[in-house]
Peer 1: 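Sharing a structure here in C-alpha cells format.
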Amino acid sequence: GFVVPKKSVFNRIVGDSKFELEFAAFLDACDDVISFAKNYLAVQFRLDYVKADGDLSNYIPDFFVKLDGARLVIVETKGREELDLPQKMARLRQWCEDANAAQNDQHFDFVYVDQESFDQYKPKSFEDLLASFVEYK
C-alpha cells in the first residue's frame with residue numbers, strides 16, 4: 001500500500017507496515033507539519049549503533065518531519081518494541097545532539113512513536129505527539 005501525500009517531496013509514501021502508512025496520513029493532515037518524507041533505503045540516511053548483543057549494525061529511522069524553517073524531527077515508528085530499540089534511540093539522541101552542536105541553522109529533534117500508544121492517545125497535532133511521546137528523551 002501507499003499514501004499519496006500533499007506535504008512530501010515524494011509523490012507516494014510506501015510504508016514498511018500498515019502503521020507507517022497510518023502515520024504518514026497523520027503527518028499529512030497535521031496543520032503544524034510543513035513537510036515530511038519517509039526515509040527510504042535510497043535516501044541513505046542511517047546511523048551505526050552497537051546492538052544489545054555487542055555487534056555493530058545500521059539503523060534507518062522512518063520519517064523526517066519539518067515543523068518550520070529551522071526545526072526538523074526524526075521519527076521512529078514501531079508496531080512492536082524490539083530488543084535493540086533502546087540502543088537505536090540512544091544513538092539517534094546522540095546524533096541529534098551532535099548535529100545541533102555542530103551548527104545553528106537547523107534544530108534537530110527525535111521522537112519514538114509506538115503504535116499502541118498512538119492508537120490510544122490519538123494526537124491531534126504533531127506538537128501534541130511530541131508532548132506525549134517522551135519515553136526515550
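These values consider heavy atoms only, across backbone and side chains, with no hydrogens, waters or symmetry-generated copies.
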Peer 1: Measuring only between side-chain heavy atoms, which start at C-beta, is Lys78 closer than 4.5 Å to Tyr112?
Peer 2: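 In contact.
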Peer 1: Quick check: closest heavy atoms across Leu21 and Gly1, and the distance to 0.1 Å?
Peer 2: CD1-C, 3.7 Å
Peer 1: Are Ile34 and Ile13 grouped together when hydrophobic residues (ILVMFWY) are joined by side-chain heavy atoms under 4.5 angstrom apart?
Peer 2: no
Peer 1: Starting at CG of Asn100, measure out to CD of Gln106 and round the result to the nearest 0.5 Å.
Peer 2: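 Taking CG in Asn100 and CD in Gln106, the distance rounds to 9.5 Å.
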Peer 1: Decide yes or no for Asp109 and Lys137: does some side-chain heavy atom of the first lie under 4.5 Å from some side-chain heavy atom of the second?
Peer 2: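 A side-chain contact under 4.5 Å exists here.
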Peer 1: Ring centroid separation for Phe110 and Trp95, is it under 6.0 angstrom?
Peer 2: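 Centroid separation for Phe110 and Trp95: 6.0 Å or greater.
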Peer 1: Any side-chain heavy atom of Lys18 sitting closer than 4.5 Å to one from Glu22?
Peer 2: yes
Peer 1: Tell me if the CG atom of Asn104 is crowded by more than 12 foreign heavy atoms within 6.0 Å.
Peer 2: no
Peer 1: To the nearest 0.5 Å, what is the distance between NZ (Lys38) and CG (Asp62)?
Peer 2: 4.5 Å
Peer 1: Checking ring pair (Phe, Tyr, Trp, His ring centres under 6.0 Å) between Tyr40 and each of Phe45, Phe10, Phe64, which is the one that passes?
Peer 2: Phe10
Peer 1: Is it the case that one hydrophobic cluster holds both Met89 and Val50, taking links as side-chain heavy atoms less than 4.5 Å apart, direct or via other members?
Peer 2: no
Peer 1: Let me confirm one number: the CG-NZ distance from Leu27 to Lys6, rounded to the nearest 0.5 Å.
Peer 2: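 Here the rounded value is 13.0 Å.
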Peer 1: Side chains of Val65 and Leu72, heavy atoms from C-beta outward: is any pair under 4.5 Å?
Peer 2: no
Peer 1: Verify side chain to side chain contact (heavy atoms under 4.5 Å, CB included) between Phe26 and Val33, making sure each step is shown before the conclusion.
Peer 2: CA-CA 10 Å; Phe26 164 76; Val33 170; over 6 Å; no
Peer 1: Determine whether Ile74 and Leu41 fall in the same hydrophobic cluster, where Ile, Leu, Val, Met, Phe, Trp and Tyr are linked whenever their side-chain heavy atoms lie under 4.5 Å apart.
Peer 2: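 They do not share one cluster, since no chain of ILVMFWY contacts under 4.5 Å joins Ile74 to Leu41.
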Peer 1: Val9, Val14: one ILVMFWY side-chain cluster at the under-4.5 Å cut-off?
Peer 2: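 Yes, because Val9 and Val14 connect within a single hydrophobic cluster, where side-chain heavy atoms sit under 4.5 Å apart.
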Peer 1: More than 12 foreign heavy atoms under 6.0 Å from CG of Asp98: is that the case here?
Peer 2: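 Enclosed: over 12 neighbouring heavy atoms sit under 6.0 Å from CG of Asp98.
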Peer 1: What distance separates Leu67 CG from Cys30 SG, expressed to the nearest 0.5 Å?
Peer 2: 9.0 Å
Peer 1: Does any donor atom in the side chain of Glu76 or Tyr59 lie under 3.5 Å from an acceptor atom in the other side chain?
Peer 2: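 Yes, Tyr59 and Glu76 have a side-chain donor paired with an acceptor closer than 3.5 Å.
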Peer 1: Would you please classify the geometry between the Phe133 ring and the Tyr121 ring as parallel, tilted or perpendicular, with 30° and 60° separating the classes?
Peer 2: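 Tyr121 vs Phe133 ring planes: perpendicular.
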Peer 1: May I ask you to check whether Phe23 and Phe63 place their ring centres under 6.0 Å from each other?
Peer 2: yes
Peer 1: Do the side chain of Asp114 and the main chain of Ser117 share a donor and acceptor less than 3.5 angstrom apart?
Peer 2: yes
Peer 1: Does the side chain of Leu47 come within less than 4.5 Å of Leu92's, by heavy atoms?
Peer 2: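 A side-chain contact under 4.5 Å exists here.
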Peer 1: Identify the heavy atoms of Asp128 and Pro123 that sit nearest to each other, and give their distance.
Peer 2: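 Asp128 and Pro123 have their closest heavy atoms at CB-CB, 4.1 Å.
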Peer 1: Side chain of Asp32, backbone of Glu127: donor and acceptor closer than 3.5 Å?
Peer 2: yes
Peer 1: Return the OG to CD distance between Ser132 and Gln120, rounded to the nearest 0.5 Å.
Peer 2: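 Taking OG in Ser132 and CD in Gln120, the distance rounds to 10.5 Å.
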Peer 1: Side-chain contact test, heavy atoms from C-beta onward, threshold under 4.5 Å: evaluate it for Val4 versus Asn11 and give yes or no.
Peer 2: no
Peer 1: Would you say the side-chain atoms of Asp48 pair up with the backbone N or O of Ser57, donor to acceptor, closer than 3.5 Å?
Peer 2: no
Peer 1: Would a single hydrophobic cluster contain both Ile60 and Val111, if residues Ile, Leu, Val, Met, Phe, Trp and Tyr are joined by side-chain heavy-atom contacts under 4.5 Å?
Peer 2: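 Different clusters.
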Peer 1: Between Gln103 and Phe108, is there a side-chain heavy-atom distance shorter than 4.5 Å?
Peer 2: yes
Peer 1: Heavy atoms only: give me the nearest Ala37-Ser8 pair and the separation to one decimal.
Peer 2: CA-OG, 4.0 Å
Peer 1: State whether Glu116 and Arg80 are salt-bridged, where the test is any N-O pair (Lys NZ or Arg NE/NH1/NH2 against Asp/Glu carboxylate O) under 4.0 Å.
Peer 2: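 Here Glu116 does not pair with Arg80 in a salt bridge, since their nearest N and O are not under 4.0 Å apart.
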Peer 1: Would you mind reporting whether Asn58 and Tyr49 have side-chain heavy atoms less than 4.5 Å apart?
Peer 2: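 A side-chain contact under 4.5 Å is absent here.
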Peer 1: Has Asp28 got a side-chain atom pairing as donor or acceptor with Lys7's backbone, closer than 3.5 angstrom?
Peer 2: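 The answer is yes, because a donor-acceptor pair under 3.5 Å joins these two groups.
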Peer 1: Return yes if some donor-acceptor pair links the side-chain N/O of Glu20 with the main-chain N/O of Asp16 below 3.5 Å, else return no.
Peer 2: yes
Peer 1: How long is the span from the CZ atom in Arg93 to the CD atom in Glu97, to the nearest 0.5 Å?
Peer 2: 6.5 Å
